[in-house]
Number of protein chains: 2
Amino acid sequence: MTVTLKEVAIRAGVSRSAVSRTFTEGASVSAKTRAKVEKAAVELGYSPNALASSLTTGRTKLIGLVSNNFHNPLFLEVFDLFTRGLQERGLRPLLVNLSAETDPANSVRMLRQYSVDGVIVASSTLPPSFAEAFRDVGIPVVHSFGRYTSSPQVHVVGIDNIACGRMAAQRLIATGSQRVAFLGGPEKATSTQDRERGFLEVMASRPDIATTVSYASAYSFDAGRVEMARLLQSTPAQAYFCGDDVLSIGALSAIRDAGLQVPEDIGVIGLNDMAMARWENINLTTIRQPIAEIIGASVDLVVGTIDQPERHPETRLFPCRIIERGTLRPLA
Amino acid sequence: MTVTLKEVAIRAGVSRSAVSRTFTEGASVSAKTRAKVEKAAVELGYSPNALASSLTTGRTKLIGLVSNNFHNPLFLEVFDLFTRGLQERGLRPLLVNLSAETDPANSVRMLRQYSVDGVIVASSTLPPSFAEAFRDVGIPVVHSFGRYTSSPQVHVVGIDNIACGRMAAQRLIATGSQRVAFLGGPEKATSTQDRERGFLEVMASRPDIATTVSYASAYSFDAGRVEMARLLQSTPAQAYFCGDDVLSIGALSAIRDAGLQVPEDIGVIGLNDMAMARWENINLTTIRQPIAEIIGASVDLVVGTIDQPERHPETRLFPCRIIERGTLRPLA
DNA sequence: AAGTAAATTGCAACCGGTTGCAAAAAGACG
DNA sequence: CGTCTTTTTGCAACCGGTTGCAATTTACTT
């Protein structure tokens, strides 16, 4: 069924090298030979074996796309953008679903076996060490949605979560609330920690405003709803910064079920601005994370590092901005 | 950086074959040799090159996962289940995002270049011919969420969309509505056509109930909302069967914005039962499509066909059932 | 301990390509 | 037309593994 270079060579009456050369960019072939080869190739339905050629060229054009976020709808948008971005550059995503795994060993071994040219770790919850495990074995890697470090060991692309926390705090202060709160995702997620830090940093300057902090067990609807329901049993805050949109939507569900009005009784601001946030029946005020830019930069960086392996690790953070919708009292 | 079999052989003081054999299931190696090789391998950090071995074994353990549904949140669940199902069997998903492409030629060429062992086409909107293009070049293929045919050319796993249409019609009749309607997805999607057909088949037996049909331009929130808003401008039906959950949610948004009550004024039943459907603030009555079973069967079938290429194409349809929630008047 | 059967090992060819090098062909020039 | 360049071509070795086969070792029998 599979037709090889040798058969094309025979049919075209040329050497195997000639066939190889007509299919390699920039190789030296005369127009006449190329024509003969191409004719034979289409007649036989030949297409070169990318894996075999990778053996000698050292390039597979395979990129490992590693993630543990298969439950947050934002990540469907993320996968869409990544796969398209990679495909446009002639690269192929080899998808790795970590589920609850946090040890990089398996992924590293597996992606090494497949000789991927590079790896993109797409996760806001994994620690920097995860991506570093790839660098340690010499695979170009980018951590997308990862944590900023002043002396990065690997490329990191994402947002300044601390700045987002500050931005959220300022926005909540502007509502005139007397009690505000941070409702984070999993306590050990780097994104949660950073957002909280920025939030509390600003709130520290306003001791007159009561500030509380709590965590949902996951970046999920259920976790947000459960945690908010718990908060509603005692005196809740008047405005919440939720660590993620889907968490916010869960929280909103609990708030409305308790018979409270949004944003009058309780206001909510989320983070991400996933597609669903602008659905009219959700209409979530949120901090927009520019995922298209983040993903574009991630792909650029991984490609750049493949071409230039000694490149210094860099951090690219994109600015976020508040998208005003209906879940937070408007500014005066 | 990359350590090869040869280097392990030298360090272990054995032949290259011996090293190869210790890493191949069921090959003949003595315990002593194996121990020497394994020791050398860990010392060197060796792991075999899956691509190189695929050259001789003819197996890459790569499975092409082809889809054009990167905007329907259901498909995040689908990708989660597929990637996990494949990984559990030691297979690796090579993801292909078709975007709006409907010509299989590119995907076929690309996946052939990577010598995938099999392909899964995950789409409810692509025609059977798409998957058949893979079979035509001898690649084992399964069309998941595809259309049933009496003499299938490729494996199809999914649901009986016609039966779902019937089921929905009967359920809507049971609400006692005088006007019911089908609000489908894209008119050319096979799933839309089949669901409509089943729906109308049942409604034909009830000429006393006014039945109408219309289509949204996509299986998306916006398309559902826009189409429902249009319908609301004249006399809408009292109960709608929407071709998909996300479409239903869009429709519900339009209905509520028009100041109408659900399910009192207008009822809605969706299809899929995606995770979001049971969110308390959505609480959508819907027809549950058993995606875990569909995906499990798809993976089984593709694996089975790899082992046994001459296997006859088969169709596996899974039963659906109605999940009663809050968007349709309960049965008497 | 010799003889036979079974298990293990290495050789060498092969999987489907690529590429450095030298030979051959084509083109440029006087 | 002969000479010198430049381009094109094929040979052969190689990429990192696997595997049939024959030779060697080991294990069993008696």
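Below, chains carry the letters A, B, ... as their sequence lines are ordered, and counting in each starts from 1.
Contact check on A:E7 versus A:R11 returns no salt bridge, with no Lys/Arg side-chain nitrogen under 4.0 Å from an Asp/Glu carboxylate oxygen. For B:K61 and B:D117, the salt-bridge test fails: no basic side-chain N is under 4.0 Å from an acidic carboxylate O. Salt-bridge formation is detected for the pair B:R34/B:E38: a Lys NZ or Arg NE/NH1/NH2 atom is positioned less than 4.0 Å from an Asp or Glu carboxylate oxygen.
Between B:E7 atom CD and D:dC14 atom P there is a gap of 15 Å when expressed in whole angstrom units. For the pair B:K32 NZ and C:dT8 C1', the computed distance is 10 Å after rounding to whole Å. The distance from atom NZ of A:K36 to atom C1' of D:dT9 is 10 Å, rounded to the nearest whole Å. Here C:dA7 presents its P atom at 16 Å from CZ of B:R34, a figure rounded to the nearest Å. The CG atom of B:L55 sits 5 Å away from the C1' atom of C:dC15 (whole-angstrom rounding).
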Worksheet item: Do A:E314 and A:L301 pass the side-chain contact (heavy atoms from CB on, under 4.5 Å) test, and can you show the C-alpha distance, the side-chain angles, and the key distance before you say yes or no?
Response: CA-CA 9 Å; A:E314 69 187 76; A:L301 268 179; 3.8 Å; yes
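Classified by interplanar angle (parallel below 30°, tilted 30° to 60°, perpendicular above 60°), the ring pair A:F79/A:F75 is perpendicular.
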Please tabulate the protein-to-nucleotide N/O contacts below 3.5 Å involving nucleotides 17-19 of chain D, giving atom names and distances.
{"from": "D:dG17", "atom 1": "OP1", "to": "B:N49", "atom 2": "N", "distance (Å)": "3.2"}
{"from": "D:dG17", "atom 1": "OP2", "to": "B:L5", "atom 2": "N", "distance (Å)": "2.7"}
{"from": "D:dG17", "atom 1": "O5'", "to": "B:Y46", "atom 2": "OH", "distance (Å)": "3.3"}
{"from": "D:dG17", "atom 1": "O5'", "to": "B:N49", "atom 2": "N", "distance (Å)": "3.4"}
{"from": "D:dG17", "atom 1": "N7", "to": "B:R16", "atom 2": "NH2", "distance (Å)": "2.7"}
{"from": "D:dG17", "atom 1": "O6", "to": "B:R16", "atom 2": "NH2", "distance (Å)": "2.9"}
{"from": "D:dT18", "atom 1": "OP2", "to": "B:S20", "atom 2": "OG", "distance (Å)": "2.2"}
{"from": "D:dT18", "atom 1": "O5'", "to": "B:S20", "atom 2": "OG", "distance (Å)": "3.4"}
{"from": "D:dT18", "atom 1": "O4'", "to": "B:T56", "atom 2": "OG1", "distance (Å)": "2.8"}
{"from": "D:dT19", "atom 1": "O4", "to": "B:S17", "atom 2": "OG", "distance (Å)": "3.3"}

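Using a 4.0 Å heavy-atom distance criterion, A:S28 is classed as a base contact.
Side-chain atoms of B:Q87 never come within 3.5 Å of backbone atoms of B:R92 as a donor-acceptor pair (strictly under, hydrogens ignored).
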